[in-house]
Amino acid sequence: MTLAGVQNHPDERQLPIDQVGVSDLRYPIVVRDCQNDRQQTVARLTMSVDLPHILKGTHMSRFIEVLEKHRGEVTMFTLPEILRELKERLQARSARVEVEFPYFWERIAPVSGVGALMDYECTFLGEANGGKEDFVLRVRVPVTSLCPCSKAISEYGAHNQRGYVTIEVRGARSEGREPAFIWIEELIEVAEQSASAPVYPLLKRVDERHVTMQAFDNPVFVEDVVRNVASRLRGDARIAWFRVHALNHESIHNHNAFARIEWSRPAGAATYLEARQNDAASGD
């Protein structure tokens, strides 16, 4: 028996759809791990394509079929291939995949040396539009910030709070090459070094004392945090574009404070590959 494919029928409203697909799909993936080479985790995926005005619907099952073909190998390196297959299988001009996942990293307490796993919210954003492909890595990092103004005007103490630094980066690439690789751990460290103090999953009393005084010795406004992050990222030749967003959950106000910076490497600046070649030529 032949079943009719209603989604293939023409649509008379003459309205193209920017994105149509599946969302909130949980799926196991593999992520590059700086300490252990590979880390298995479970992601929430959103997969979509564009739909021309002449078609009534897309083929939802084909999203899952393409994903299943890459079972056990959904990584930032296979994402471009997945995007290309989505475009081909669904006869689309553009495809987009968003992969949100928890990434775990063992953090060591600063004085006692005890370790425990800490999770970070990470996202791979891949898009293929026409002949162009794009990949963005996003990492959300909890930090501690202590208010410089509060410290300056108070006889003792200062208000501090947990904040979140969200960093999005696009790796530099030369013609026909994959974007430069950037470790998730590197972005976590950039965020932590730009705040008053890191956040840890496990602290003993000696560690709590250390972190409290560390924050007191390094007061930063939310504006300082984004500028600190931006300064560090701008000096990394592997990064072609970034956006950094810092959010403080204010401890003495009923509102939050935020700041954001977005930056692109100027046209004509040396790419990561060119910078590596120049370093090699100079013997550095």
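Keep in mind the model is a prediction, meaning the values are calculated, not measured. Quick note: numbers below take in every heavy atom, side chains included, and nothing from hydrogens, waters or symmetry partners.
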Which heavy atom of [X] sits nearest a heavy atom of [Y], and at what distance?
X: Arg140; Y: Thr166; answer: CG-OG1, 3.6 Å
X: Ala257; Y: Val222; answer: O-CG2, 4.0 Å
X: Val143; Y: Glu192; answer: CG1-CA, 4.1 Å
X: Gly115; Y: Leu202; answer: O-CD2, 4.0 Å
X: Pro219; Y: Cys147; answer: CB-C, 4.2 Å
X: Val225; Y: Ala246; answer: CG1-CB, 3.9 Å

Would the distance check show the side chain of [X] and the main-chain N or O of [Y] forming a donor-acceptor pair, the cut-off being under 3.5 Å?
X: Lys87; Y: Gly130; answer: yes
X: Gln19; Y: Ser48; answer: no
X: Thr46; Y: Glu98; answer: no
X: Glu186; Y: Trp183; answer: yes
X: Arg232; Y: Val190; answer: no
X: Thr41; Y: Tyr103; answer: no
X: Gln39; Y: Phe104; answer: yes

[X] atom [atom1], neighbour heavy-atom count above 12 within 6.0 Å:
X: Arg89; atom1: CZ; value: yes
X: Gln91; atom1: CD; value: no
X: Gln40; atom1: CD; value: no
X: Arg84; atom1: CZ; value: yes
X: Glu88; atom1: CD; value: no

Heavy-atom side-chain contact between Phe242 and Ile261 under 4.5 Å: yes
Close side-chain approach of Asp33 and Arg38, heavy atoms under 4.5 Å: no
Result of checking Glu250, Gln161, Arg162 against Ser145 for side chain to side chain donor-acceptor pair (under 3.5 Å): Gln161
Group every Ile, Leu, Val, Met, Phe, Trp and Tyr by side-chain heavy-atom contacts under 4.5 Å, then state whether [X] and [Y] land in the same group.
X: Ile17; Y: Leu86; result: yes
X: Ile167; Y: Val136; result: no
X: Leu203; Y: Ile188; result: no
X: Phe221; Y: Val229; result: no
X: Ile239; Y: Trp241; result: no

Measure the [atom1]-[atom2] distance between [X] and [Y] for me, rounded to the nearest 0.5 Å.
X: Arg238; Y: Ile182; atom1: CZ; atom2: CD1; result: 5.5 Å
X: Ile64; Y: His59; atom1: CD1; atom2: NE2; result: 14.5 Å
X: Arg138; Y: Leu125; atom1: CZ; atom2: CG; result: 5.0 Å
X: Phe258; Y: Asn248; atom1: CZ; atom2: CG; result: 12.0 Å
X: Cys122; Y: Leu137; atom1: SG; atom2: CG; result: 6.5 Å
X: Met47; Y: Arg62; atom1: CE; atom2: CZ; result: 13.5 Å

Full working for side chain to side chain contact (heavy atoms under 4.5 Å, CB included) between Leu187 and Val169: CA-CA 9 Å; Leu187 298 184; Val169 296; 3.9 Å; yes
Parallel, tilted or perpendicular: rings of His249 and Tyr164 (30°, 60°): perpendicular
side-chain hydrogen bond (donor to acceptor under 3.5 Å, both in side chains) pairs, two or more places apart, involving residues 197-212: Ser112-Asp207
Verdict with supporting geometry, Arg243 and Arg260, side chain to side chain contact (heavy atoms under 4.5 Å, CB included): CA-CA 7 Å; Arg243 178 164 55 215; Arg260 187 178 74 176; 3.9 Å; yes
Geometric cation-pi criterion Arg107 and Trp105, 6.0 Å radius, 45° cone: yes
Any donor-acceptor N or O pair under 3.5 Å, side chains Gln214, Ser196: no
Any side-chain donor near an acceptor of the partner, Tyr27 and Glu68, under 3.5 Å: yes
Pair Thr123-Glu168, side chain to side chain contact (heavy atoms under 4.5 Å, CB included): steps then yes or no: CA-CA 9 Å; Thr123 305; Glu168 297 174 274; over 6 Å; no
Working for side chain to side chain contact (heavy atoms under 4.5 Å, CB included), residues His245 and Val226: CA-CA 7 Å; His245 181 278; Val226 292; over 6 Å; no
Qualifying residue, where the test is side-chain contact (heavy atoms from CB on, under 4.5 Å) with Val66 and the options are Leu83, Ile82, Val97, Leu90: Ile82
Candidate list Val165, Val244, Leu233, Val220, test side-chain contact (heavy atoms from CB on, under 4.5 Å), partner Asn228, passing option: Val220
Pairs touching residues 67-101 that satisfy ring-ring contact (aromatic ring centres under 6.0 Å, His included), sequence neighbours left out: Phe77-Phe181, Phe101-Phe124
Counterpart residues, ring pair (Phe, Tyr, Trp, His ring centres under 6.0 Å), relative to His253 (two or more places apart): His255
